[in-house]
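Working notes for the structure below.
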Amino acid sequence: MKKFLSIFFFIIFMTHFLTLHAKHISDATKNKAIQTLSQNSKIPKELIQRGVSQIAMLWNEKDGTETDFYNFCVENFIRTPEEKERLFYRLANNFETILGHNNRIAIELLRPVHVAGYESLPIDELFAAYNVNAHFSDDMFANKIAFIVALNFPYFTLNEKEDNGEKWSDLHWGYVRLGDYFYSRVPADLQKNIAIAAANAENYIANYNIPMWLVTGQGNNHYWASGTKLISHWGLRDEIKAAYADAENGLIKQHIIYGIMKAIIDQSIPTEIMEQVDGYTWKPISNKAYLQNIVEIGTTPEPDTRYQHLLNLFKAVSATDKYYTGNSTYLTRRFESELEMKLADVEKLFISLVSAPQVKQVAEIISKRLGRKLQPFDIWYDGFKTRSSIDQEQLNKDVHARYPTVAAFQNDLPNILVKLGFTPEKANEICKYIQVDPSVGAGHAWGAEMKTDKSMLRTRFVDGLDYKGYNIGIHEFGHNVEQTISLHDVPNYFLRGVPNTAFTEALAFIFQQKDLELLDYENNDELINYLNTLDIFWGTYEIMGVSLVDIRVWQWMYQNPNTNARELKEAVIRIAKEVWNQYYAPVFGISDQPILAIYSHMIKTPLYLSAYPIGHVIEFQIGNYLEGKNLGDEVTRMFAMGGLTPKLWMERAVGNQINTTELLANTQTAINRVNEAMKATKKTRKK
């Protein structure tokens with residue numbers, strides 16, 4: 001079995017750092033334990049030093065005296081590689097049992113708020129907020145299992161993982177990932193507070209639907225049928241995208257929806273409209289309400305509930321900061337511990353694209369294709385996609401005919417995978433671990449945590465699937481495929497998953513890009529690959545700005561921890577306008593737009609948004625690599641590597657690190673080719 005690389009200088013740092021935080025255990029006791037454990041041990045001394053120092057930091061008075069600490073180390077340290085491996089696999093089996101069943105409990109308790117068809121009861125929200133894992137860490141420390149893990153499988157920093165990970169075996173990587181479990185000790189009541197705040201925010205967002213039949217344009221025209229509801233922000237954004245194919249009313253509908261979005265952001269949307277008060281209609285463009293479409297009337301703006309949920313999450317999460325060694329804020333934990341990418345590197349990655357010269361060139365192409373100046377909502381321009389030229393009503397009919405029921409979609413999942421290049425055997429093996437449910441919200445995927453369980457695929461069914469529901473469903477299916485492969489095919493349980501959420505988003509995007517192909521829509525356009533590149537680039541440009549807003553809002557909250565919801569709202573709007581003015585106004589020619597603050601993720605899922613643009617970049621790099629290769633085989637190979645660091649995963653998957661260089665270069669080629677085609681078309685028309 002391969003030995004760990006020498007990490008002498010890191011050990012010096014970590015030992016010193018942990019010593020600063022180990023108030024209950026003296027240096028003398030630690031040194032005595034290290035000396036004793038090093039005798040007749042086949043485990044490298046640097047690992048012994050690391051393990052003892054780590055549990056000394058975590059040990060408190062309730063855990064016992066210094067003598068108890070010393071005796072614990074002597075009694076529970078594993079002295080040979082063979083014993084360590086046996087302990088590792090026993091822990092893997094037991095953790096899978098605990099975490100897997102807890103995950104299933106959470107799924108079942110959340111069904112009434114996540115899955116359509118349940119009668120809504122007040123108690124549902126209480127169960128949704130219940131976190132079955134809230135006491136897991138506390139329990140593991142109380143029964144000393146956490147200390148046994150940390151002593152024998154100590155924590156490694158991101159720098160150490162990146163510097164040494166290439167030479168670690170799969171088993172050693174499993175050891176390192178097990179070491180990630182107990183490098184902090186957050187009390188259960190604080191974890192419970194996070195779960196409650198997250199569940200409340202999730203419920204708020206999942207039920208934030210705009211009654212579109214009460215919305216009118218400037219001429220009192222209604223553009224949406226009675227009963228039509230669009231969830232914020234997904235439904236509104238997708239309606240903007242769909243409107244590009246509506247030559248008659250598309251532009252006015254986009255202006256209306258943009259007005260709705262701005263009212264959601266500043267919380268000026270009339271409460272009477274959201275509550276569907278009889279006789280009330282609303283003109284979002286002017287943000288005025290009317291009675292019977294005639295008499296202008298005053299309204300009651302929403303309270304700042306949207307921002308109170310964000311603030312509640314910030315307070316709950318930041319309250320745990322002091323329990324994390326070396327990661328003093330959720331910002332650093334989110335990027336360095338969860339995404340395993342440094343925040344400065346992520347911001348640099350984003351800025352390299354949003355400030356690139358290709359942005360203006362693509363914007364000029366969009367403007368020419370639209371025949372007008374760009375508007376702020378054109379950050380969601382959808383005209384590069386094949387579906388943008390397809391009649392949406394017909395597309396909805398075709399999807400509904402194929403998937404009139406949940407069962408129809410469920411039963412077709414293996415066929416979808418076969419079309420993507422998976423063998424029938426592999427497709428059936430994956431799909432038997434995926435269950436489709438009708439979603440209350442826009443849709444989501446929820447992975448299993450044990451091999452005997454199923455991942456959940458949720459999307460909206462309204463008397464069957466329409467195109468939006470199908471498109472989201474294919475995206476979520478990509479997540480489920482990743483979740484299944486990275487649980488069942490990885491070398492060991494602690495390597496399950498992907499390096500970070502951007503990687504599962506990348507596969508979901510790849511699946512989503514192929515949605516029309518999976519419906520058997522053919523496209524013989526020789527520009528299709530170039531247009532797809534422009535589509536990925538423009539979508540990445542949009543979501544990177546949103547992510548920069550998300551990051552800067554959290555930086556502002558940490559600078560202003562005693563803020564209130566109103567002040568936070570004002571800060572979010574100001575930050576959104578600042579990012580817009582820096583990276584979007586020079587392209588669109590319009591300043592002070594708040595639209596980058598519309599994303600619901602910012603309210604319910606702290607700092608998740610950065611995973612999307614990173615995912616787009618990874619999607620492009622993987623997509624480039626997959627050219628001429630079998631998607632099913634390569635996806636299985638890549639995602640069976642499991643939870644390595646992003647840097648190492650990408651190097652092994654596609655032979656390169658995460659970068660925007662490939663996307664920018666291919667975008668420039670696509671710009672040149674599309675401009676040539678547009679010029680040729682113009683010349684032909686003149687003749």
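Just so you know, these numbers use all the heavy atoms, side chains as well, and skip hydrogens, waters and symmetry mates.
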- Message: Strictly distance-based, threshold 3.5 Å: is any side-chain N or O of Thr533 a donor or acceptor partner for the main-chain N or O of Asn529?
- Response: yes
- Is a donor on one side and an acceptor on the other found under 3.5 Å between the side chain of Asn630 and the backbone of Gly421? yes
- Query: On the ring face of Tyr625, is Lys629 found with NZ or CZ under 6.0 Å from the centre and within 45° of the axis?
  - Reply: yes
- Task: Check whether any side-chain heavy atom of Ile205 sits under 4.5 Å from a side-chain heavy atom of Trp234, and report yes or no.
- Result: yes
- Query: Within a reach of under 6.0 Å around NZ of Lys192, are more than 12 heavy atoms found that belong to other residues, nucleotides or ligands?
  - Reply: no
- Can you check whether Tyr612 and Tyr608 have ring centres sitting under 6.0 Å from each other? yes
- Task: Nearest 0.5 Å please: distance from the CD atom of Gln308 over to the CD1 atom of Ile603.
- Result: 11.0 Å
- Are more than 12 heavy atoms from other residues, nucleotides or ligands located less than 6.0 Å from atom NZ of Lys647? yes
- 4.5 Å side-chain heavy-atom contact, Pro613 and Ile543: yes
- Please report the C-alpha distance between Val354 and Val359 in whole Å, then the side-chain angles of each, then the deciding distance to 0.1 Å, and finally whether the side chain to side chain contact (heavy atoms under 4.5 Å, CB included) criterion is met. CA-CA 7 Å; Val354 298; Val359 173; 5.7 Å; no
- Query: Where the side chain of Gln361 meets the backbone of Thr667, is there a donor-acceptor pair that is under 3.5 Å apart?
  - Reply: no
- Do Leu343 and Thr332 have side-chain heavy atoms sitting under 4.5 Å apart? no
- Parallel, tilted or perpendicular: which describes the rings of His475 and His479, with under 30° parallel and over 60° perpendicular? perpendicular
- Test side chain to side chain contact (heavy atoms under 4.5 Å, CB included) on Phe88 and Asn152 and set out the steps. CA-CA 9 Å; Phe88 173 79; Asn152 294 286; over 6 Å; no
- Spacing of OG belonging to Ser455 relative to CG belonging to Leu487, to within rounding of 0.5 Å: 7.5 Å
- Donor-acceptor pair, Asp138 side chain versus Ala188 backbone, under 3.5 Å? yes
- Message: Tell me if the aromatic rings of Phe95 and Tyr181 count as close, with their centers under 6.0 Å from one another.
- Response: yes
- Are Glu476 and Met456 side-chain neighbours, meaning at least one heavy-atom pair lies under 4.5 Å? no
- Supply the atom-to-atom distance Trp538 CH2 to Gln358 CD, rounded to the nearest 0.5 angstrom. 12.5 Å
- Query: Of the non-hydrogen atoms in Leu596 and Ala576, which two are nearest, and what is the gap between them?
  - Reply: CD1-O, 4.1 Å
- Taking Arg637 for its side chain and Ala653 for its backbone only, find out whether a donor-acceptor pair lies under 3.5 Å. yes
- Task: Return the orientation label for the Phe588 and Trp580 ring planes: parallel under 30°, perpendicular over 60°, tilted otherwise.
- Result: tilted
- Verify, without hydrogens or angle tests, whether Glu162 (side chain) and Thr645 (backbone) share a donor-acceptor contact under 3.5 angstrom. no
- For the residue pair Met450 and Tyr493, establish whether any side-chain heavy-atom pair is separated by less than 4.5 Å. no
- Do we get Arg185 above Phe141's six-membered ring, with its NZ or CZ under 6.0 Å from the centre and within 45° of the axis? yes
- Query: Is there side-chain contact between Glu505 and His616, with at least one heavy-atom pair below 4.5 Å?
  - Reply: no
- Query: Of all heavy-atom pairs between Gly545 and Val579, which one has the smallest distance, and what is that distance?
  - Reply: O-CG1, 3.8 Å
- Message: Looking at every heavy atom in both Lys604 and Ala201, which two are closest together, and how far apart are they?
- Response: CA-CB, 3.8 Å
- Calculate, to the nearest 0.5 Å, the distance between atoms CD1 and OG1 belonging to Ile472 and Thr459 respectively. 5.0 Å
- Check the pair Ile598 / Ser232 against side chain to side chain contact (heavy atoms under 4.5 Å, CB included), numbers first and verdict last. CA-CA 8 Å; Ile598 188 58; Ser232 174; 4.2 Å; yes
- Ion pair check, Glu340 and Lys161, cut-off under 4.0 Å: yes
- Message: Determine whether Asn103 and Trp446 satisfy the following criterion, side chain to side chain donor-acceptor pair (under 3.5 Å), listing intermediate values before the conclusion.
- Response: CA-CA 9 Å; Asn103 184 61; Trp446 189 313; 2.7 Å; yes
- Quick one: side-chain hydrogen bond (donor to acceptor under 3.5 Å, both in side chains) partners of Thr660, sequence neighbours excluded? Ser352
- Item | From CA spacing to verdict: salt bridge (Lys or Arg N to Asp or Glu O under 4.0 Å), Glu449, Arg496 | CA-CA 9 Å; Glu449 290 289 332; Arg496 73 191 186 286; 2.9 Å; yes
- Item | Expected output: side-chain Arg334 to main-chain Leu607 donor-acceptor under 3.5 Å | yes
- Message: Quick check: do His172 and Val176 have side-chain heavy atoms less than 4.5 Å from each other?
- Response: no
- Are Arg333 and Tyr324 in a cation-pi setup, meaning NZ or CZ lies under 6.0 angstrom from the ring centre and within 45 degrees of the ring axis? yes
- Side chain of Asp489, backbone of Ala640: donor and acceptor closer than 3.5 Å? no
- Note on the structure: For Leu190 and Val186, the nearest pair of non-hydrogen atoms, with its separation, is CB-CG1, 4.1 Å
- Task: Answer yes if the side chains of Glu578 and Asn581 hold a donor-acceptor pair under 3.5 Å, and no otherwise.
- Result: no
- Message: Tell me the closest heavy-atom pair linking Glu347 and Ile551, and the distance in Å.
- Response: OE2-CG2, 3.9 Å
- When you check the gap from the basic side-chain N to the acidic O, do Asp345 and Lys348 get nearer than 4.0 Å? no
- Message: Regarding Glu160 and Arg50, does a basic nitrogen lie under 4.0 Å from an acidic carboxylate oxygen?
- Response: yes
- Message: Between Tyr330 and Tyr558, is the ring centroid distance below 6.0 Å?
- Response: no
- Taking the six-membered ring for Trp, is the centroid-to-centroid distance between Trp168 and Phe156 below 6.0 Å? yes
- In short, Thr501 meets Ala611 closest at the heavy-atom pair OG1-CB, 3.1 Å
- Got a sec, which pairs hit ring pair (Phe, Tyr, Trp, His ring centres under 6.0 Å) with one end in residues 630-658, sequence neighbours left out? Phe503-Trp649, Phe639-Trp649
- Please confirm whether Tyr584 and Tyr541 have ring centers closer than 6.0 angstrom. yes
- Message: How long is the straight-line distance from OG1 of Thr563 back to CE of Met557, given to the nearest 0.5 Å?
- Response: 9.5 Å
- Query: Rounded to the nearest 0.5 Å, how far apart are CD of Gln512 and CD1 of Ile474?
  - Reply: 9.0 Å
- Query: Are Lys241 and Phe377 in a cation-pi setup, meaning NZ or CZ lies under 6.0 angstrom from the ring centre and within 45 degrees of the ring axis?
  - Reply: no
- Task: Without swapping roles, check the side chain of Lys315 against the backbone of Pro561 for a donor-acceptor pair under 3.5 Å.
- Result: yes
- Query: Going by heavy atoms in the side chains, are Ile351 and Met544 under 4.5 Å from each other?
  - Reply: no
- Assess whether side chain to side chain contact (heavy atoms under 4.5 Å, CB included) is satisfied between Leu91 and Phe153, documenting all intermediate values. CA-CA 11 Å; Leu91 287 167; Phe153 304 94; 3.9 Å; yes
- Query: Does the side chain of Asp238 pick up a donor-acceptor pair with the side chain of Trp380 at under 3.5 Å?
  - Reply: no
- Query: Looking only at atom types and distance, does a side-chain atom of Thr669 sit under 3.5 Å from a main-chain N or O of Ala665, one as donor and one as acceptor?
  - Reply: yes
